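Right, one structure below, let's go through it.
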Amino acid sequence: MSTDRYPFREIEAKWQGIWEETKQFQVHEDPKRPKFYCLEMFPYPSGRIHMGHVRVYAIGDLLARYKWMRGYNVLHPMGWDAFGLPAENAAIEHGVHPVIWTYENIDYMRSQLKRMGISYDWDREVATCDPSYYKWEQLIFIKMLERGLAYRKRSTVNWCPSCQTVLANEQVEDGRCWRCGSEVTPRDIDAWFFKITAYAEELLEWCDRLPGWPERVLTMQRNWIGKSEGAEFDLKVDGRPDLSIRVFTTRPDTVFGMTYAVLAPEHPLVDQIVRDGAERESVARFRAEVSRQSEIERTAADRPKRGLRLGAKVVNPFNNQPVPLFIADYVLMGYGTGAIMAVPGEDERDWEFAEQHGLPIIETVKRPDGWTGKAYTGDGVKINSGFLDGLPMTEAKRRATDWLVSRGLGTAKVNYRLRDWGISRQRYWGAPIPVLYCEKDGMVPEAEKNLPVALPRDVQLSGKGGSPLASVASFVNATCPKCGGPAKRETDTMDTFVESSWYFLRYCSPRYDTGMFEENAAAYWMPVDQYIGGIEHAVLHLLYARFYTKVLRDLGLTKIDEPFMALLSQGMVIKDGAKMSKSKGNVVSDDYVREKYGADTGRLFELFAAPPEKDLEWNDQGIEGASRFLNRVWRFVIAHLEEIKAAPDKVPSSLSEPGRAFRRTIHETIQRVTEDIEREFHFNTAIAAIMELVNALQTFESANAEGGPAASERAALIREAVETTLHLLGPFCPHVTEELWSQLGHRESVFKQRWPVADPAALQKTEVTVVVQVDGKVRGRLVVDVDAAEDRVRQLALGDDKVRPWVERRRVEKVVVVPNRLVNIVTRA
RNA sequence: GGGGGCGUGGCGGAACGGCAAACGCUAAAGGCUUAAAACCUUUUGUCCCCUCGGGGACUUGCAGGUUCGAAUCCUGCCGCCCCUACCA
């Protein structure tokens, strides 16, 4: 290890101590100042912070410190998403209680964040496993229960056999558990749900009103909500006046192309329709076959569609034609009505099924390119469609729906793909669901005065055999809050995504003990102005938090509609071709980087190596480069301390030509860095600009010897350049800049300085270089006065020695002059 | 299958439709050193010419188009990545 690096260990410890002692980042509501709420997604306390985690904190800290310097009152809090399975699994494997495991990790990770020098207001720290935290979501649970926004229902849920718990739809990826990767199996179970579907339309609409969010996250949310508009109507079962099947379609205009209909295999009407004994048997066999397929097989691409033809027929109400009825695995009970009209001509799935089963295909939309032997799903003129003939798709949809409505046969209908959020977890380390089951009163919510329903400490954790809480007699056996008789507690706990759905509100008044959050504090700080986190939460946490915020609003607790005004989704940190993670064994530890190079260097490298939204490849040589740069800054400032301290604090009003040029570089850098941070978060180019300034500073210094004729101009400019560099670099590398700033004799923190503003006078140019092209190729350059007359620039360009040979013996067709930039001479032979 | 994104030197990456390759890394040569490290200087897209000052041609996945001018806009291919998926 080199011993030539600047003394980062001492410096970092020193300034972290000062920030902590002076409570520099502690904030209070101050209506006189503009607020800025800067938030990074809080971590799960899983162990140790590595360089894969550092990126998000480096970005958050940069923005927070920048906003401080811009005069904002900045809320920048940190806490712990402390409930969850890894704590419980650690308990099962190593016999450590989840409380101990979790708090030990929190202590270690907190110390890491402090040694990283992130500007958190540590007085606002929260841990979601603390009863004083989850008490409030238990209260909200009860209020949601009262309003029907929380409910319990037996239903088929996603079951992870390895985690031994239910998963929400959002937590199943490719038929596998998002956490452990085990194959998810369906299971019928009594489970708790939050009625997120009641907010589907609002969640979707607001996607258009979040301009600070990345488009791809909004797209993912829109797709997840999956709105589709169409019509619902009944198909009468032929010869069975008592029975009809409700179907949903987005293409009511194609109804004359229906050649069969399909029910989901588990559709309840199947049992009523099928009465014949032999047919019942084949239905049972078919159902068994379908349910034997795993989730993964079911969703595999180009899997043949399986179906069984039933004896019954159904009647198309539009033309009174009876068509055959099937049950088939490509129709899902969970969407729409679990039954469809099949239109093979205009639906690819129906086409495939019809071909396999030899069913007729009718063309009801005139193909613009003729018959292609495939389903056609595009727009076109209706044919073979009775009263719809000749109409385009949109008009035909409307007319078909009107026809159904006017006869009382159906309705217009909007469906969403979004399902209610299953929040029951059959595990220990989570917030208990605050309800009881009383023999007399049935299901009863716990009384508010009895909250929190605390998680008992003494429990046997085996990872098997249902909810661990069920075996804790002292927890289960309780008193009914309604009748005072004996009652059993609910033993499921809440999904940990419930805690993370409102922690940003808790930070506004983290010690408030008479409610979830203090109204005025939340009104002042919320919404979050800049949220920063990984793309993996695009439809998980970010959708749940939006929903939960709207529920709190409708409960009258807050006035905000959306929790996060702007979102920055940072890319992953990659090493050896994979995301840096403990499980892959490719982590670079934060402790190691901090020991070898210092926290400032590690942060600088991660901010410099790639723009924040892109993935970042870890590179051992790259961090050497970042280290080299900071050492260069350090050595320069230390070597010039006396000269800078003795320098006038104002640059002389009249400067030599090199002095003017250098001063322009200083102020252009201010402009570039400010714009790069504000616009599009181009932190990498902001750092590049600062590096260029430092390069220019070194060139200026060596070209203008000390004690020369313009000694005071030189000193003043070096001073201005150094001070500017320290201010601009401060949010990226806070410790080294604080130290150098104080070595220059300043008493006040860098972060209490005003962010520099470019001096328009310094930016003034008197001359510009104009590129001269001939037929689009650069042939020469002109130095002309700023805003020189176009005619004059044209004459100079045509007369230029370098340009003339390219124009001679050719005819000048025209000359394009872009002021202060370029001349293009267009010629012809 | 659907949706979104991307494609620029040896590498990470820069470029409001206007000088492609900023900044950094790597590599090479030189300087300082007894020596190494560190540090400093120079060179570093490809090819060609050269009187050694420089000059020229080509170059942003491929093929077209729009434009005085395209890495950037449009069309069609090729390749890669992410999301999503019998959603009727």
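Since the structure is predicted, the reported quantities are computational estimates derived from the model, not experimental observations. Throughout, a chain's letter reflects where its sequence line sits, starting with A, and its residues are numbered from 1.
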Taking all heavy atoms of A/D615 and all of A/M572, pick out the closest pair and write down the distance.
OD1-N, 2.8 Å

At under 4.0 Å between heavy atoms, how does the protein contact nucleotides 42-60 of chain B? Give one character per nucleotide, 5' to 3', with B, S or -.
--------------SSS--

Looking only at atom C1', what distance separates B/U46 and B/A38, rounded to whole Å?
35 Å

For a quick check of understanding: with a heavy-atom distance under 4.0 Å over all strands, which category does A/G625 fall into, base, sugar-phosphate or nothing?
sugar-phosphate

Chi-based syn or anti call at B/G9, which uses purine or pyrimidine torsion atoms and a 90° bound:
syn

Which listed nucleotide (B/C40, B/C86, B/A22) is nearest to the side chain of A/E692?
B/A22

Are A/F318 and A/F256, when compared by the centres of their aromatic rings, separated by less than 6.0 Å?
yes

Distance in Å, A/L62 CG paired with A/E606 CD, rounded so as to fall on 0.5 Å steps:
13.0 Å

Under 4.0 angstrom, heavy atoms only, what part of the nucleic acid is A/R635 near: base, sugar-phosphate, or nothing?
sugar-phosphate

Any idea if B/G5 is syn or anti, going by the 90°-from-0 cut?
anti

Could you tell me how far B/A14 sits from B/A20 if I compare only their C1' atoms? Round to whole Å.
10 Å

Which part of the nucleic acid does A/N631 contact within heavy-atom distance under 4.0 Å: base, sugar-phosphate only, or nothing?
nothing

Below 4.0 angstrom, N of the basic side chain to O of the carboxylate: do A/K227 and A/E201 qualify?
yes

OP1, OP2 of B/A85 versus side-chain N and O of A/R417: anything below 4.0 Å?
yes

Can you build the contact string for nucleotides 7-18 of chain B? Use B for base contact, S for sugar-phosphate-only contact, and - for no protein heavy atom under 4.0 Å.
-----BSSSB-B

So, are A/E346 and A/R251 salt-bridged, with charged N and O less than 4.0 Å apart?
no

Does A/R216 get its side chain close enough to the base of B/C82, under 3.5 Å, for a donor-acceptor pair?
no

How far, in whole Å, is B/C25 from B/G9 if one measures between their C1' atoms?
13 Å

Using OP1 and OP2 only, check whether a side-chain N or O of A/R628 sits under 4.0 Å from B/A37.
no

Does A/K814 put a side-chain nitrogen or oxygen below 4.0 Å from OP1 or OP2 of B/C68?
yes

Defining pairs by Watson-Crick or G-U wobble geometry with both distances under 3.5 Å, how would you list the stems of RNA chain B with at least three pairs each?
B:1-7 with B:78-84, B:10-12 with B:23-25, B:27-31 with B:39-43, B:45-49 with B:54-58, B:61-65 with B:73-77

